[in-house]
Each structure stands twice: as structure tokens, then as C-alpha cells.
Amino acid sequence: MYLGVAALGIGTLGAYAYYAQRVQNEPAPQVILADAAPDRPGDKAGVNAGKGAGKMPGKGAGNGAAAVDVARVASANVVEDLNSVGTLRSNEAVMVRPEVAGRISQLNFHDGQPVKKGQLLVAFEAGVNRAEVRQARAELDIARANLARNEDLAKRNFISTRARDESAANVQVLEAKLALAEAKLAKMEIRAPFPGVVGMRNVSVGDYVKDGADLVNLEDISSVKVDFRVPEKYAGQIRPGQQIEVMVDAFPDKSFKARVDAIDPQVDSTGRSALLRGRIDNPQGRLKPGMFARVRLILSERSNAMTVPEEAIVPQGERSVVWKVVEGKALRAEVRTGQRRAGQVEILEGLRAGDTVVIAGQMRLSQDGAPVRIVNGPRSEAVPGGAAIAGIEPAVARN
């Protein structure tokens with residue numbers, strides 16, 4: 001039974017293959033036009049006319065002109081930019097740490113609270129330090145009284161000049177001792193070095209902390225910095241004051257404006273990149289330090305630049321060529337291109353504003369001066385409605 005089924009399948013496939021090959025080899029049916037003249041000896045004009053009428057338009061009927069689509073050279077504002085990624089940083093940031101060990105007696109802030117410059121943040125128990133200050137002041141008062149007495153006695157020649165000088169030196173020593181005691185007392189209090197917002201504290205009242213221990217971070221976010229890197233090949237095009245557009249994931253629909261604030265004079269030898277820093281005003285405090293940022297650096301901007309659709313560019317080796325339509329004929333023109341954005345190419349040399357170029361049908365053009373038949377009609381490729389496109393923007397009047 002299995003052999004019979006296999007034989008039947010093979011026979012069916014063989015019959016189908018034979019039939020398909022026979023259909024392909026049959027000649028196509030000849031169509032006789034209704035207005036064609038009968039085939040009579042010596043008269044073939046009617047047949048020739050019928051054959052000519054069945055040709056494709058644009059070849060016979062169009063006198064050999066190639067059908068092409070065209071577009072006009074548009075005028076636009078071209079922005080040369082560079083995209084990078086960076087990190088947001090506080091305008092000023094510090095981790096509050098004590099210079100001396102001690103027990104915390106006061107925390108004069110709440111987590112996440114704004115503080116002013118000079119505001120007391122942390123105080124340590126300082127009873128011993130205050131006693132040392134009082135002791136130094138008392139000793140200094142006695143020394144000053146002895147100095148005044150010895151000066152009076154020295155004027156009367158009751159004591160030597162040496163005794164008076166020793167009294168004066170003792171006063172200076174005790175003044176230094178008092179200053180030292182006051183300095184130690186001052187270190188028992190930590191005040192805000194600049195206005196900002198404190199973070200989350202790591203200690204409580206009563207904790208004994210060592211010198212250098214982390215207490216709380218203080219951040220000034222009235223403005224934030226954005227640090228990012230650019231390849232070293234752009235080092236000659238960057239300068240302070242250039243515009244920056246910053247995007248963060250927390251506000252995907254909003255772009256923050258900034259400017260280049262500083263450029264690191266040293267290029268990183270590992271990644272061959274230069275470090276740049278921009279500054280963004282942040283009066284509402286929405287931007288937070290540590291956020292991931294997408295940075296667009298504006299390198300240059302050219303107004304009224306010429307642009308054409310990408311389809312018009314025909315690469316020929318290292319050259320770029322376009323076909324320009326002049327008085328119904330196609331002329332080859334070599335061009336020098338610039339920026340490419342959103343399907344548009346900037347033309348630096350080789351064309352003029354208002355020229356008509358071929359954007360489809362270049363394969364039908366074989367030589368300069370070939371006649372063309374425009375199918376779509378010239379159109380401007382400027383962005384409709386004046387909408388801005390990254391890199392290339394439509395030319396608009398400026399104040």
C-alpha cells in the first residue's frame with residue numbers, strides 16, 4: 001500500500017511539471033488593434049501604426065524623454081549639533097563632618113529642610129571647652145593687670161626693664177591661650193557654609209561621633225551643573241557660552257536650556273574625550289543631582305542654508321552628484337554636502353537656491369542634456385508649518 005501511494009504521488013508531480021513547462025513555452029496571444037489596417041501586400045503602414053500606439057508613454061509618445069520626480073532647493077536654518085550623555089551635579093555640595101570627636105547635643109534641622117548660610121546645624125557638648133575659655137580669660141586679666149603695674153614701677157625705676165618685658169610677654173602668651181580655647185569651642189558647633197538643602201541625617205542627639213564621621217549632606221540646587229564629554233575631534237569647535245539642550249527622564253516632554261560654563265583643559269587619554277560643564281538655572285528645585293541627562297550641544301548655526309532631499313544625492317566614488325533640471329534637460333552637477341538631518345542634506349557648493357533637482361528616476365538619465373519629463377512637478381522640501389527639526393530647521397524671519 002505504501003509503495004502504491006508513493007508511486008501515485010510521483011506521477012502526479014511529474015504531470016504537473018510537464019503541464020507548467022508547456023504553458024510557459026506557449027507563445028503569447030497576439031492582440032490585433034481594431035483600427036489597424038488589414039495586412040495587404042505592399043501596405044504595412046497600418047500594422048506599424050498599431051505597434052507604435054501600444055508602446056509605453058514617455059518613450060515613444062514622449063519623444064524619448066525620461067520621466068522623473070523633482071524638487072526645488074529649499075532654504076533652511078541648519079544647526080550643527082552634537083549629542084552626548086552626562087550627569088547632573090549640585091552647584092555646591094558638601095558632606096557635613098566634625099573636626100573633633102564628641103557627643104551630639106543638638107540637631108538644628110529636619111531632613112530635606114532648606115537652610116541659610118551660617119545657620120547652626122549640629123552642636124556638641126562643650127562644657128569643658130567653655131570652662132577652658134573662662135579660665136584663659138581670667139588668667140589673661142591677671143596678666144594684663146600685672147603688666148600695667150610693672151610698667152608703672154619701671155617708670156619709677158623700682159623694677160628692671162627685663163621684668164616689665166617678661167610681664168608683656170606673659171600677656172601675649174595668655175592671649176594666644178585664650179584664642180586657642182575659643183577656637184576649640186567654635187569647633188563644637190557646625191554651621192552651614194552656604195545656603196542649600198540638607199539631606200537625610202545619619203545620626204541622632206546623644207550619639208558619640210568621631211572626627212570625620214558623615215553626619216548629613218548639604219546641597220545647593222538653586223542651579224545645577226551638567227558634566228558631559230565630547231570626542232576630541234570637536235575640541236576646536238567648542239567654547240564657553242555655547243548653547244546646550246538638556247533632557248532628563250523625569251521630564252521627558254521638557255527641554256532645559258543651558259550654556260557651556262567651563263571646559264577641562266586636559267583631554268582624557270583613555271577615551272580621547274574632553275570634559276565639559278554646563279549650568280542650568282533650577283529655581284524650583286525640580287532637577288536633582290545625580291540625574292542622567294541627554295545633552296545636545298549646539299556647535300554652530302547657519303541661516304538660509306540650501307537643502308535638498310536625500311534622494312537627490314547620487315554617490316559616485318568619493319564625489320556626490322545631483323541631476324539638475326534646466327529648460328527640460330537634465331544636467332549633472334557635482335556638489336559638496338554638509339549636515340544630514342531628517343531626510344534633508346545641506347548643500348555647501350554646486351547649487352543655488354531655487355534650482356530644480358531630480359529626486360527619482362536618475363537611473364533613466366545616461367548623459368548630460370538628456371530630455372526629461374517631470375511627473376510630479378517641482379515642490380519645496382521645507383518643513384511644513386515651520387516646525388523645527390533637529391539639525392535642520394525651516395528658515396524663518398528673525399527679529
Side-chain angles (χ1 to χ4, degrees), residues 76-97 193-197 199-200 214 217-303 305 307 310 318 336-346 348 387-393:
N77 296 329
V78 177
V79 179
E80 185 178 0
D81 58 3
L82 177 64
N83 294 319
S84 181
V85 296
T87 304
L88 298 185
R89 303 187 185 279
S90 302
N91 180 40
E92 300 290 348
V94 65
M95 175 58 71
V96 177
R97 298 183 177 94
F194 50 80
V197 180
M200 306 301 176
D214 294 346
N217 61 306
L218 176 62
E219 310 284 340
D220 176 13
I221 57 174
S222 58
S223 64
V224 294
K225 305 170 184 175
V226 53
D227 291 351
F228 61 99
R229 292 185 176 275
V230 299
E232 65 174 343
K233 68 178 182 179
Y234 296 102
Q237 299 178 254
I238 56 178
R239 62 188 183 278
Q242 287 179 317
Q243 294 183 4
I244 302 175
E245 293 182 1
V246 180
M247 298 285 293
V248 295
D249 293 339
F251 306 98
D253 299 329
K254 182 174 179 56
S255 175
F256 296 89
K257 303 295 182 181
R259 291 187 178 276
V260 176
D261 192 48
I263 303 173
D264 195 328
Q266 182 179 6
V267 175
D268 182 18
S269 59
T270 303
R272 303 299 177 186
S273 59
L275 178 63
L276 278 66
R277 172 169 292 175
R279 187 177 298 274
I280 310 172
D281 292 333
N282 189 34
Q284 299 178 357
R286 293 186 296 175
L287 298 177
K288 307 297 183 182
M291 281 185 172
F292 175 80
R294 296 176 179 84
V295 183
R296 178 180 176 231
L297 173 63
I298 309 301
L299 296 175
S300 63
E301 185 174 1
R302 294 182 290 276
S303 60
T307 62
E310 287 184 338
E318 297 181 355
R336 186 165 66 93
T337 60
Q339 294 294 306
R340 293 175 179 260
R341 290 290 190 280
Q344 297 288 304
V345 181
E346 179 189 10
L348 302 178
I389 295 181
I392 297 182
E393 301 175 352

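Although no hydrogens or angles enter the test, the distance criterion places a donor-acceptor pair under 3.5 Å between the side chain of Lys225 and the main chain of Asn91. Between the side chain of Lys288 and the backbone N or O of Gly285 there is at least one donor-acceptor pair closer than 3.5 Å. No donor-acceptor pair under 3.5 Å is formed between the side chain of Ser273 and the backbone N or O of Glu232. Side-chain atoms of Asp220 come within 3.5 Å of backbone atoms of Ser222 as a donor-acceptor pair (strictly under, hydrogens ignored). A donor-acceptor distance shorter than 3.5 angstrom exists from the side chain of Asn282 to the backbone of Ile221, with no hydrogens or angles considered.
The two atoms that bring Pro193 and Leu218 nearest to each other are CD-CD2, 3.6 Å, heavy atoms only. Closest approach of Pro289 and Glu219 over heavy atoms only: CG-OE1, 4.3 Å. Residues Glu346 and Ala305 come closest through the heavy atom pair OE2-CB, 3.9 Å. Contact detail for Leu88 and Ala293: the closest heavy-atom pair is CD2-CB, 4.2 Å. Heavy-atom minimum distance, Arg340 versus Thr337: NH2-OG1, 4.4 Å. Between Lys254 and Arg286, the shortest heavy-atom distance links the atoms CE-NH2, 3.0 Å.
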Just distance, no hydrogens or angles: give the donor-acceptor pairs under 3.5 Å from side chains in residues 239-246, sequence neighbours left out.
residue, atom, partner, partner atom, Å
Gln242, OE1, Arg239, N, 3.2
Gln242, NE2, Gln237, O, 2.8
Gln242, NE2, Leu299, O, 3.4
Glu245, OE1, Arg296, NH1, 3.2
Glu245, OE2, Lys257, NZ, 3.0
Glu245, OE2, Arg296, NH1, 3.4

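Remark: Asp268 engages no residue in a salt bridge (Lys or Arg N to Asp or Glu O under 4.0 Å) (not counting sequence neighbours).
Atom CG of residue Leu276 and atom CG of residue Asp264 lie 9.0 Å apart, to the nearest 0.5 angstrom. One distance of note links CZ of Phe228 with OG1 of Thr87; it measures 11.5 Å at 0.5 Å rounding. To the nearest 0.5 angstrom, Ser223 atom OG is 8.5 Å from Glu92 atom CD.
Between Val94 and Asn217 the shortest side-chain heavy-atom distance does not fall below 4.5 Å. Residues Asn83 and Val295 have side chains not in contact (no heavy-atom distance under 4.5 Å, counting atoms from C-beta outward).
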Self-check item: Evaluation steps, side chain to side chain contact (heavy atoms under 4.5 Å, CB included), between Val260 and Ile238
Solution: CA-CA 9 Å; Val260 176; Ile238 56 178; over 6 Å; no
Practice problem: Applying side chain to side chain contact (heavy atoms under 4.5 Å, CB included), run through Val248 and Phe292 and close with a yes or a no. | Solution: CA-CA 6 Å; Val248 295; Phe292 175 80; over 6 Å; no
Quiz item: Are Arg277 and Asp261 close enough, and set up right, to give a salt bridge (charged side-chain N to carboxylate O under 4.0 Å, His left out), and what steps lead you there?
Solution: CA-CA 6 Å; Arg277 172 169 292 175; Asp261 192 48; over 6 Å; no
Self-check item: Worked check of side chain to side chain contact (heavy atoms under 4.5 Å, CB included) between Arg89 and Val224
Solution: CA-CA 6 Å; Arg89 303 187 185 279; Val224 294; over 6 Å; no
